[in-house]
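Each chain gets a letter, A, B and so on, in the order its sequence line appears, and its residues count up from 1.
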Amino acid sequence: MSIPKTYNPKEAEDKWYAYWLKEGFFRSVPDDREPYTIVMPPPNVTGVLHMGHMLNNTIQDVLIRRARMQGKNACWVPGTDHASIATEAKVVAMLKEQGISKKDLTREQFLEYAWEWKEKYGGIILNQLEKLGASCDWERTRFTMEPELSDAVIDTFIRLYRKGYIYRGVRMVNWDPQGRTALSDEEVNRREVNQTLYYVRYAVKGGDSDTPAYLTIATTRPETIMADTAICINPNDPRYAHFRGKTALVPLINREIPIIEDEYVDVEFGTGCLKVTPAHDLNDYELGQKHNLEVIDILNDDGTLNANAQILVGEDRFKARKAVAKLLEEAGLLEKTEPYSSQVGFSERTDAAIEPKLSMQWFCRMQDLAQPALDYVLNGEVKLIPDKFVNTYRHWMENIKDWTISRQLWWGQRIPAWYNAQNEWVVAKTEDEAKSLFEAERKTTEGIRQEDDVLDTWFSSGLWPMSVFDGTRHPENADISYYYPTNDLVTAPEILFFWVARMIIFGHEFRGKAPFKNVYLTGIVRDKQGRKMSKSLGNSPDPIELMEQYGTDGVRVGMLLSSPAGNDLMFDVAYCEQGRNFANKIWNAFRLVKGWDVASIPATPAQREAANWFNHRFNQAMAEIDEHFANYRISDALMATYKLVWDDFCSWYLELVKPAYQQPIAREAFEATKGFFESILKLIHPFMPFISEELWHDELFGGRADGDCCIVADYPNGGAYDDRVLVDFALLQQVVSEIRNLRNAKQLSPKITLPLAINASSGTDFIRYADSIEKMANVSDIRLTSEKPTGTTSFLVGKDEFYVAVAENVDVEAEKERITKEIEYLNGFLKSVNAKLSNERFVQNAKAEIVANEQNKKADAETKIRILTENLASL
RNA sequence: GGGAGCUUAGCUCAGCUGGUUCAGAGCACCUGCCUUACAAGCAGGGGGUCACUGGUUCGAACCCAGUAGCUCCCA
């Protein structure tokens with residue numbers, strides 16, 4: 001036979017992916033079928049495929065392929081996200097390498113470079129998804145910054161502004177001095193950092209001889225003292241009572257500031273005395289508002305000190321920190337320092353330490369928008385899977401804060417606000433509209449210019465499930481009417497608020513309907529030590545290499561086997577190996593069947609029994625698998641499939657059916673096997689699209705008509721199944737297993753044929769399975785008996801006793817010991833059953849069926865003990 | 001500091017409304033097999049005080065309380 005012994009995935013993968021594309025199987029257009037829609041969470045254009053994408057997109061592909069086979073109009077919309085800050089940072093870095101500074105470019109020039117970069121690298125990740133087998137409708141590929149989608153973003157901004165949701169205001173924002181932009185709270189990562197707590201002396205003015213001339217504050221940020229506008233003490237703190245109403249001098253610059261009192265100050269912390277720096281600390285800002293303090297901002301946008309600082313102007317904030325400490329020390333104002341660790345925020349994108357900064361930003365009022373979005377989830381219209389995330393979601397939505405939507409970047413949708421020379425402003429889509437608005441308000445249009453800031457990327461991705469169908473601009477168009485709301489969203493829990501919540505908000509705002517019915521939240525892919533996979537740790541395998549090594553099907557299976565819904569996934573390449581082995585198993589099952597010669601001979605009893613059983617077993621497994629899918633337990637659905645194929649089909653069915661070496665197989669059995677094989681190919685297709693398609697087209701299954709492909713074959717329907725058949729077959733399996741076990745224990749070669757006698761007191765018709773038992777256990781001369789034949793060893797299956805003739809291999813002493821042990825065990829078991837049954841309270845309180853069950857257990861055990869005792873006596 | 005969740009075999013995890021199918025699966029491990037589909041395999045096997053303590057119950061991995069450890073989210 002020329003078919004290789006192992007499955008070689010490479011060839012099949014490229015061939016079939018190209019073929020599917022050519023046949024247009026991924027394409028979806030509205031028709032009268034039921035739609036099944038998934039919008040892909042658009043990966044960043046800066047991204048390359050990592051394990052997280054791999055998991056995420058494999059799950060989506062499984063869902064979409066299954067739906068497609070179920071006859072739904074399956075539409076999976078792919079695309080990418082422009083990722084404002086990440087991309088801008090990449091482009092800035094690239095330009096820097098070329099010796100170009102962003103500062104020297106105009107906005108237009110910069111954007112030209114950025115688009116160039118996007119065209120060159122922005123598609124990489126989508127190509128990588130093809131390798132994964134992703135069956136997206138590529139004709140629908142979208143990019144969040146393409147003209148139509150940008151238009152949708154601008155329209156939405158204007159719409160929300162007109163409805164009063166968007167406003168401008170000075171707020172303390174999270175400032176990223178490296179990216180030079182404000183960030184939303186969600187884009188700030190907090191980490192525990194080891195710092196130094198500096199104890200700094202402030203001279204007190206108007207002190208008399210009884211009071212010391214200074215007081216001491218503790219701070220981690222001495223470089224901000226030049227921005228201090230007060231010292232605050234707790235009114236209940238007797239230590240500082242005598243400072244009330246006095247003023248202090250800021251060290252080094254000797255600016256006079258008031259000493260104020262507020263219970264906000266923690267008397268336990270530091271010295272119980274706080275410096276107040278409203279421009280550079282959120283809490284201080286609020287304190288400053290309350291006490292009407294001056295706000296002095298001493299930092300430039302890039303984190304260097306400005307002229308307000310008076311000293312160290314132009315110095316970076318961290319250098320300034322050290323410099324100030326030194327100056328203080330030299331001036332004798334640094335009392336002491338001590339190590340201190342506290343939480344510091346860092347930019348998710350640039351990893352720069354966040355600087356709280358007061359600035360004019362655009363905000364979106366969230367409270368009213370959030371309420372309906374919360375309701376969808378609470379009333380179950382949008383299901384979060386697993387549902388433990390409902391709590392997290394609710395907590396966030398109930399405590400939602402206004403959303404900073406402006407970003408001081410160029411790469412993104414520019415906010416449609418216009419200013420005149422007077423710095424008055426209007427919101428309008430075009431300059432002309434803006435002019436008319438100014439005119440209508442009798443304001444000048446002189447010096448008209450557009451807002452420099454762009455919108456937060458999540459503002460555009462929040463529209464994604466609508467904008468990919470052009471649903472905000474043309475709310476009645478055929479696509480959006482047909483595909484919206486979509487069915488399932490598969491994404492990571494860490495963007496539940498960033499993204500999922502905002503999509504629900506926008507979806508409700510525009511269409512009065514949530515954008516999807518189910519949100520499947522995948523876990524984080526970690527290495528086997530439980531560390532999150534990341535580039536910097538270098539602990540993530542390259543998905544492309546994995547696919548080269550184990551085959552795409554193998555890796556898909558590997559990912560899914562290790563990923564129960566919503567739990568983090570401890571990834572190990574061993575799972576991919578298991579996936580590859582599974583593909584190989586299927587390949588070899590195929591080789592077996594393919595090698596058979598077919599003849600017009602009657603089927604054997606074993607073949608008929610096997611076919612009958614497998615038919616029922618398949619339907620039973622289908623019911624399990626369908627249920628797993630219904631509950632989004634994809635990993636369980638896969639495992640059920642795995643066991644059906646490997647254990648039931650390969651280990652039992654094929655072994656029962658396969659003819660002796662070089663013997664032909666009966667046509668009836670052959671046809672039945674092919675039928676089962678086809679069903680299995682269909683069943684595994686969503687998980688393993690390539691091998692299933694490859695085998696589907698083999699001549700074994702006859703000629704395939706054009707377009708007769710596994711990818712569009714009818715998904716198997718689980719028919720009815722008879723438990724009786726399954727229970728009977730399980731008995732047969734037990735018998736076979738006992739005999740094999742016995743062989744193993746006695747070191748008897750599987751090649752030796754052993755005669756078998758059965759005392760079938762239960763009335764089970766074992767003769768019906770005689771052929772099957774002979775084939776599977778290599779026994780012969782199966783006959784019924786009521787006596788234990790000599791020279792045999794025995795075992796029980798249920799209440800039926802089996803005697804295997806092992807001739808000289810009977811070790812009477814060992815037999816006695818084995819049976820004695822078994823009797824002992826049964827006696828112990830019986831005792832515990834009897835204990836229950838003689839407990840009046842049990843008999844009274846327990847359900848009748850449970851009591852009856854115990855009585856059955858008792859009877860069973862007694863019968864078995866009787867048989868074994870007789871057996872023992874006869875030895 | 002506030003909230004959520006987790007702890008079951010060496011590893012990753014199932015165990016729905018408490019009752020022989022409740023102590024399971026896959027992988028790993030051990031033993032024996034190169035049996036013409038597959039050693040990426042076949043057959044068989046061992047392995048867990050269900051984190052700990054107490055309670056409720058005729059009966060608890062499952063319900064309740066507390067303890068310890070871990071994780072995540074928010075401040």
- Message: In this structure, how many angstroms lie between the C1' atom of B:G15 and the CD atom of A:Glu627, rounded?
- Response: 14 Å

- Task: Would you mind pulling out the nucleotide paired to B:C62, Watson-Crick or G-U wobble, both distances under 3.5 Å?
- Result: none

- Note on the structure: A:Phe389 CZ to B:U71 C1', in whole Å, measures 12 Å

- Taking for A:Lys658 and for A:Asp647 the nucleotide of RNA chain B with the nearest heavy atom, the one nearer the 5' end belongs to A:Asp647

- A:Arg724/A:Asp728 salt bridge by N-O under 4.0 Å criterion: yes

- Query: When rounded to the nearest 0.5 angstrom, what distance separates CG in A:Leu681 from CE in A:Met688?
  - Reply: 10.5 Å

- Item | Inter-nucleotide C1' distance (B:C72, B:G10), Å rounded | 27 Å

- Rounded to whole Å, CE of A:Met559 lies from P of B:C13 at a distance of 13 Å

- Should the pair A:Trp613 and A:Phe729 be assigned to parallel (<30°), tilted (30 to 60°) or perpendicular (>60°) ring geometry? parallel

- Query: Which part of the nucleic acid, if any, lies within reach of A:Asp860 when heavy atoms closer than 4.0 Å are counted: base, sugar-phosphate only, or nothing?
  - Reply: base

- According to the Watson-Crick and G-U wobble definitions, with both distances under 3.5 Å, which nucleotide is paired to B:G48? none

- Taking only residues two or more places apart in sequence or in another chain, which ones pass ring pair (Phe, Tyr, Trp, His ring centres under 6.0 Å) with A:His697? A:Trp16

- Whole-angstrom distance between B:U56 and B:U12, as gauged at atom P: 36 Å

- Mate of B:C38 across any strand shown (Watson-Crick or G-U wobble, both atom pairs under 3.5 Å) is none

- Does the side chain of A:Asp800 come under 3.5 Å of the side chain of A:Ser762 through a donor N or O and an acceptor N or O? yes

- Note on the structure: Of A:Arg841 and A:Val593, the one whose nearest nucleotide on RNA chain B sits closer to the 5' end is A:Val593

Under-3.5 Å N/O pairs linking protein and nucleotides 39-46 of chain B:
unit_1: B:A39; atom_1: OP1; unit_2: A:Lys5; atom_2: NZ; d: 3.3
unit_1: B:A40; atom_1: O4'; unit_2: A:Asn581; atom_2: OD1; d: 3.0
unit_1: B:A40; atom_1: O2'; unit_2: A:Asn584; atom_2: ND2; d: 3.1
unit_1: B:A40; atom_1: N3; unit_2: A:Arg580; atom_2: NE; d: 3.2
unit_1: B:G41; atom_1: OP1; unit_2: A:Asn581; atom_2: ND2; d: 3.2
unit_1: B:G41; atom_1: O3'; unit_2: A:Lys585; atom_2: NZ; d: 3.2
unit_1: B:C42; atom_1: OP1; unit_2: A:Lys585; atom_2: NZ; d: 2.6
unit_1: B:C42; atom_1: OP1; unit_2: A:Trp646; atom_2: NE1; d: 2.7
unit_1: B:G44; atom_1: O4'; unit_2: A:Asn744; atom_2: ND2; d: 3.1
unit_1: B:G45; atom_1: OP1; unit_2: A:Asn741; atom_2: ND2; d: 3.4

- Interatomic distance at C1', B:G46 relative to B:G32, whole Å: 15 Å

- d(NZ, A:Lys857; C1', B:G59) in whole Å: 11 Å

- Task: Would you mind classifying the nucleic acid contact of A:Lys643 as base, sugar-phosphate or nothing, using non-hydrogen atoms under 4.0 angstrom?
- Result: sugar-phosphate

- Task: Name the nucleic acid region contacted by A:Ala574, choosing base, sugar-phosphate or nothing; use a 4.0 angstrom heavy-atom cut-off, strictly under.
- Result: nothing

- Mind calculating the distance between CG (A:Asn391) and C1' (B:G2) to the nearest angstrom? 14 Å

- Spacing of A:Leu638 atom CG relative to B:A14 atom P, expressed in whole Å: 15 Å

- Query: When the C1' atoms of B:U71 and B:U57 are considered, how many whole Å apart are they?
  - Reply: 33 Å

- Note on the structure: Taking every heavy atom of A:Arg591 against every heavy atom of A:Pro4, the minimum-distance pair comes out as CD-O, 3.3 Å

- Expressed in whole Å, how much space separates the C1' atoms belonging to B:G18 and B:A60? 6 Å

- Message: So A:Lys401, base contact, sugar-phosphate only, or nothing? Heavy-atom distance under 4.0 Å.
- Response: sugar-phosphate

- Message: In whole Å, measure the gap between the C1' atoms of B:G59 and B:U20 for me.
- Response: 13 Å

- A:Phe497 side chain: which of B:C73, B:A14, B:A37 is closest? B:C73

- Paired nucleotide for B:U17 [Watson-Crick or G-U wobble; both distances under 3.5 Å]: none

- Query: Expressed in angstrom and rounded to an integer, what is the separation of A:Tyr575 atom OH from B:C11 atom P?
  - Reply: 12 Å

- Message: Between A:Lys751 and A:Asn778, is there a side-chain donor-acceptor contact under 3.5 Å, judged purely by atom types and distance?
- Response: no

- Return the nearest nucleotide to the side chain of A:Tyr642; candidates are B:C27, B:U36, B:G2. B:C27

- Identify the nucleotide, in any strand shown, that forms a Watson-Crick or G-U wobble pair with B:A43, with both distances under 3.5 Å; if there is none, say none. B:U31

- If the P atom of B:A39 is compared with that of B:A51, how far apart are they to the nearest Å? 41 Å

- Item | For atom CG of A:Asn399 and atom P of B:A4, their distance in whole Å | 13 Å

- Item | A:Lys836 side chain near B:C58 phosphate (N/O to OP1/OP2, under 4.0 Å) | no

- Report the base-pairing partner of B:G5 (Watson-Crick or G-U wobble, both distances below 3.5 angstrom), or none. B:C70

- Can you tell me, in whole Å, how much space there is between the C1' of B:U8 and that of B:C52? 14 Å

- Task: For the side chain of A:Thr392, starting at C-beta, report the closest nucleotide among B:A37, B:G26, B:C73.
- Result: B:C73

- How are the rings of A:Phe649 and A:Phe677 set relative to one another: parallel (under 30°), tilted (30 to 60°) or perpendicular (over 60°)? perpendicular

- Gap between atom CD of A:Glu862 and atom CG of A:Leu826 - 0.5 Å precision: 11.0 Å

- Query: Looking at side-chain heavy atoms only, is the closest gap between A:Asn8 and A:Trp587 below 4.5 Å?
  - Reply: no

